[in-house]
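If you read the sequence from its start, that first residue is 1, and numbering goes on from there.
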Amino acid sequence: MAVLGDLEHRIMEVLWSREDPMSVRDVHEVLLTDGKIAYTTVMTVLDRLAKKSVVARHQESRAWIYRPARSKADFMAGELGQVLDEAGADRCEVLAALVPTLDPSELGALASALDRAASVLGDRPAREGSGARRIDEMQEVAE
């Protein structure tokens, strides 16, 4: 899985923002509001995204219809996972260094996710504030 280029990202943002699948023409029309872009460029990028399995497509008459293969959150989580894999032995240190960059709402979401993961994995029963304690521990490691 590769990090998206600028145009790939713009196209995926268009697809993620819509519930219904879109044709190349539909995506092109949305992108035209940001400035001039060739229809064939959009078609080529969507084809490459399909070959990378970032989008799924099917044909209706003569037109290809595209939709994201995964939600934005799932896709981005996969990208972050790849970055962490590249960190190798420093994976935990990289995660800990990320914590101080998060705002309070993001820290709360992370604490909740840690609580849910601990509960599902049977690590220990989820307790009020246990995710927050884990975040505090991660912040201490990062400092």
Can I get a per-line list of side-chain donor-acceptor pairs under 3.5 Å for residues 42-51, giving both atom names and the distance, sequence neighbours left out?
{"unit_1": "T44", "atom_1": "OG1", "unit_2": "T40", "atom_2": "O", "d": "2.9"}
{"unit_1": "D47", "atom_1": "OD1", "unit_2": "R57", "atom_2": "NH1", "d": "2.8"}
{"unit_1": "D47", "atom_1": "OD1", "unit_2": "R57", "atom_2": "NH2", "d": "3.2"}
{"unit_1": "D47", "atom_1": "OD2", "unit_2": "K51", "atom_2": "NZ", "d": "3.1"}

Inset, instruction - Under the side chain to side chain contact (heavy atoms under 4.5 Å, CB included) rule, what do R10 and E13 come out as? Steps first, then yes or no, please. - result: CA-CA 5 Å; R10 286 176 46 213; E13 286 295 336; 5.7 Å; no
Return the minimal non-hydrogen interatomic distance between [X] and [Y], and the atom names on each side.
X   : Y   : result
S53 : A69 : O-CB, 3.4 Å
R70 : F75 : NH2-CD1, 3.4 Å
M12 : P68 : CE-CB, 4.0 Å

Inset, instruction - Could you tell me which residues satisfy side chain to side chain donor-acceptor pair (under 3.5 Å) with D6, sequence neighbours excluded, listed by chain and number? - result: none
Inset, instruction - Using the test side chain to side chain donor-acceptor pair (under 3.5 Å), find all partners of S23 that sit at least two apart in sequence or belong to another chain. - result: D26
Inset, instruction - To the nearest 0.5 angstrom, please state how far the CD atom of E79 sits from the CG atom of L84. - result: 11.5 Å
Inset, instruction - Hey, could you give me the CG/CE distance between L80 and M76, rounded to the nearest 0.5 Å? - result: 8.5 Å
Side-chain heavy atoms nearer than 4.5 Å, only ILVMFWY residues, links allowed to pass through others: does that put [X] and [Y] together?
X   : Y   : answer
V83 : L98 : no
W16 : V54 : yes
I65 : L31 : no

Inset, instruction - Indicate yes or no for a side-chain donor-acceptor contact from S112 to the backbone of G108 under 3.5 Å, with no hydrogens or angles considered. - result: yes
Inset, instruction - Before giving the answer on side chain to side chain contact (heavy atoms under 4.5 Å, CB included), spell out for L7 and I11 the whole-Å C-alpha distance, their side-chain angles and the decisive distance to 0.1 Å. - result: CA-CA 6 Å; L7 184 53; I11 287 173; 4.1 Å; yes
Legend entry - side-chain contact (heavy atoms from CB on, under 4.5 Å), paired with L15, selected from V30, V55, D20: V55
